[in-house]
Amino acid sequence: MTIASNVKQCVSSLKGVEAGLSSLALQTQDDESKRILHETMLVVNKVRKDVQKRVGELEREEPQYKGF
């Protein structure tokens with residue numbers, strides 16, 4: 001597996017974590033738990049965006065990775 005495909009797999013995993021945190025935040029009744037889950041989701045979202053930027057950099061640096 002190439003570096004680019006590993007990084008893209010990481011982005012996919014982070015999207016799943018975001019979705020899971022969002023779902024948990026919506027399901028919980030406790031306001032403090034909702035707040036913590038939402039804040040954590042926002043942190044994961046930022047990390048995902050940073051990793052997604054890296055995918056773009058990889059694709060620009062190494063055109064053969066584009067589309068993997």
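Sequence positions, counted from 1, serve as the residue numbers for this chain.
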**Report entry** Interatomic distance, H38 atom NE2 to S22 atom OG [nearest 0.5 angstrom]
**Finding:** 8.5 Å

Report task. Applying side chain to side chain contact (heavy atoms under 4.5 Å, CB included), name anything that partners S13, two or more places apart in sequence or on another chain. Result -> Q9

Requested in this report: Check whether any side-chain heavy atom of K49 lies under 4.5 Å from a side-chain heavy atom of K46, and answer yes or no.
Outcome: no

Report task. Answer with yes or no whether the hydrophobic clustering places V11 together with L58; edges join I, L, V, M, F, W, Y residues whose side-chain heavy atoms lie under 4.5 Å apart. Result -> yes

Report task. Just jot down the side chain to side chain donor-acceptor pair (under 3.5 Å) partners of K53, sequence neighbours excluded, or say none. Result -> none

Query raised in the report: Out of curiosity, does L42 fall in the hydrophobic cluster containing V44 (side-chain heavy atoms, cut-off under 4.5 Å, transitive links)?
Result: yes

Query raised in the report: Taking only residues two or more places apart in sequence or in another chain, which ones pass side chain to side chain contact (heavy atoms under 4.5 Å, CB included) with V47?
Result: L14, V51

Query raised in the report: Is the closest basic N to carboxylate O distance between R54 and E61 below 4.0 Å?
Result: yes

Requested in this report: Could I get the full list of side chain to side chain donor-acceptor pair (under 3.5 Å) partners for S23, not counting sequence neighbours?
Outcome: Q27

**Report entry** salt bridge (Lys or Arg N to Asp or Glu O under 4.0 Å): pairs with one or both residues in residues 26-35, sequence neighbours excluded
**Finding:** E32-R35, R35-E39

Query raised in the report: For I36, does its backbone N or O pair with a side-chain atom of T40 as donor and acceptor, under 3.5 Å?
Result: yes

Report summary line: To the nearest 0.5 Å, atom NZ of K15 lies from atom CZ of R48 at 6.0 Å

